[in-house]
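Comments concern the structure below.
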Amino acid sequence: NSVSHNMESNQKDPENSLFAKAKFAANIAFSKLRTTISKVSREVQAAEYVEKNAVRGNPLSVIAAFDQFCYASNWMMNVGDEKGDILDREMQKKNPRSVLELGTYCGYSGTRIARLLPAGGHLITIEMNKDNYEVAKRIIGHAGLSEKVTFINAPSDQVIPKIRQSHANRLNERGAFDLIFIDHWKDRYLPDLKLLEQEGLIQKGTVLVADNVIFPGAPEYLQYIRNNKNYKSTFNPAHIEYNKDIVDGIEVSIYQ
C-alpha cells in the first residue's frame, strides 16, 4: 500500500535489518566473483543474453529475458520487475510525451518507459558510464525502440543546464518534462532535482519517480521533497530489485 506524505506526516519508512543487509552484500560479492572469473562484465553478459534469448523488436520479450538473467544469480541494479510495475503504472497514468531518465544503466528501465510512450513521445536518457551507455543502446535497439530514445553519455549535472537549448523540441508545451525517472547516483538525487527546478524543467504536473529511496537510500532527497509544499509525494513500498530480503520503495512526487 502506498503512503502519502506531506509536511505533517509522521509515517515511518521501512528499515532493513543488519542481517538482511549482510546477506544481500554476500549475494553481491558472489555475483561479482563470478564476473571476475568470466572476465566479461555482467552488463555485457546481460546484453548477450538478451540478444540471444529475446525476440528482436519485442520489448516485453526483452524485459522478460533481462529479468530471467538477473534472477539467475546475476544481480543487477535495474529497477527490476516489482518496482518496474510501479514505474509502468505511473507511465500509464501520466501518458507522458516528454520523459527524462537520470541513470540509463543498461537500458532496462528505458525499455519499460519507451514501450509505453504515446505516439510522438520521446525519452531522453543520461548515463555517465561509457560501457553501460553502449550496452543500453544494444538493449533498447534489440527492443526496437531506438527511434523513441535520445542517449546521452555524460554526467547529469553537465547535461541538465543544456537541455533547454539542445533538446527544446523534446520538452512539453511548458518547456518542461512530463515525467522524470531518477535512478542514478543516490547522492545526486537532490542536487539534480534542484538543478532541474532551477532550469525550469519541472513545471505544474511534472511527475518525479525516484527509485531506491530506502535502499541504498536517498534521505536528503526524501526530506526535501516531502517537506516542500510544491510537491505532493507518495511512497510506494517494494523490495530491492531481484531480492525479497531487502525492503526498498519508489517515491512518486507531483509538482503542484
Side-chain angles (χ1 to χ4, degrees), residues 27-28 31 35 40-119 121-127 129 131-151 178-184 207 209-212 215 236-244 246 248-250 252:
N27 287 339
I28 300 301
S31 186
T35 299
V40 178
S41 74
R42 271 174 301 161
E43 291 78 14
V44 169
Q45 287 179 47
E48 290 171 350
Y49 185 89
V50 167
E51 288 166 348
K52 182 180 176 183
N53 293 283
V55 177
R56 178 175 284 280
N58 184 329
L60 285 176
S61 179
V62 167
I63 291 165
F66 215 127
D67 286 335
Q68 195 173 27
F69 177 81
C70 293
Y71 272 118
S73 300
N74 297 293
W75 187 87
M76 295 179 73
M77 54 182 182
N78 312 306
V79 70
D81 54 347
E82 182 188 359
K83 291 183 293 178
D85 286 342
I86 299 170
L87 174 60
D88 288 359
R89 187 185 70 215
E90 295 305 322
M91 281 290 299
Q92 288 160 341
K93 272 162 59 176
K94 183 66 178 173
N95 197 30
R97 290 175 57 86
S98 176
V99 181
L100 173 67
E101 177 181 44
L102 301 180
T104 316
Y105 190 41
C106 292
Y108 175 90
S109 48
T111 299
R112 296 193 83 113
I113 291 167
R115 87 184 202 283
L116 294 173
L117 288 168
H122 199 81
L123 166 67
I124 295 174
T125 184
I126 303 171
E127 174 56 48
N129 182 292
D131 293 336
N132 294 344
Y133 161 84
E134 295 296 346
V135 166
K137 289 171 86 172
R138 286 171 67 177
I139 297 286
I140 291 174
H142 195 80
L145 296 167
S146 297
E147 288 185 5
K148 292 175 173 279
V149 182
T150 295
F151 300 87
D178 296 317
L179 185 143
I180 300 171
F181 181 52
I182 307 173
D183 194 17
H184 57 337
V207 178
V209 181
D211 189 19
N212 298 129
F215 190 86
N236 298 265
H239 298 87
I240 194 72
E241 45 272 23
Y242 312 116
N243 187 306
K244 298 300 182 190
I246 296 283
D248 191 20
I250 284 184
V252 176

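Numbering of residues begins at 1 and proceeds along the displayed sequence. On a predicted model such as this, the values are computed, not experimentally measured, just so you know.
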Side-chain contact test, heavy atoms from C-beta onward, threshold under 4.5 Å: evaluate it for [X] versus [Y] and give yes or no.
| X | Y | result |
| --- | --- | --- |
| R89 | K93 | yes |
| F181 | E90 | no |
| I140 | F151 | yes |
| R138 | E48 | yes |
| D131 | E43 | no |
| V207 | D178 | no |

Taking H122 for the side chain and T150 for the main chain, is one N or O donor matched with an acceptor at less than 3.5 Å? yes
Test your reading of the model: is there a side-chain donor-acceptor pair from Q45 to the backbone of V40, 3.5 Å cut-off? yes
State the [atom1]-[atom2] distance between [X] and [Y], to the nearest 0.5 angstrom.
| X | Y | atom1 | atom2 | value |
| --- | --- | --- | --- | --- |
| I63 | D81 | CD1 | CG | 10.5 Å |
| K94 | L179 | NZ | CG | 8.0 Å |
| I113 | L145 | CD1 | CG | 11.0 Å |
| R42 | M77 | CZ | CE | 8.5 Å |
| Y108 | I139 | OH | CD1 | 11.5 Å |
| N132 | S41 | CG | OG | 7.5 Å |

Can you name the one residue among L102, I250, N212 that meets side-chain contact (heavy atoms from CB on, under 4.5 Å) with D183? N212
For a quick test of reading the model, state the closest non-hydrogen atom pair linking [X] to [Y] and the distance between them.
| X | Y | value |
| --- | --- | --- |
| A119 | R97 | O-NH1, 3.0 Å |
| P96 | P118 | O-CD, 3.0 Å |
| K244 | H239 | O-CD2, 3.3 Å |
| T125 | T104 | OG1-OG1, 2.6 Å |
| G141 | R56 | O-NH1, 4.0 Å |
| E241 | G80 | CB-CA, 3.9 Å |

Any luck finding a side-chain donor-acceptor pair between Y242 and D67 under 3.5 Å? yes
Does atom CD (Q92) have a neighbourhood of more than 12 heavy atoms from anything else shown, all under 6.0 Å? yes
Just wondering, more than 12 heavy atoms not from K52 lying within 6.0 Å of its NZ? no
Salt bridge check: are R112 and D88 linked by an N-O gap of less than 4.0 Å? yes
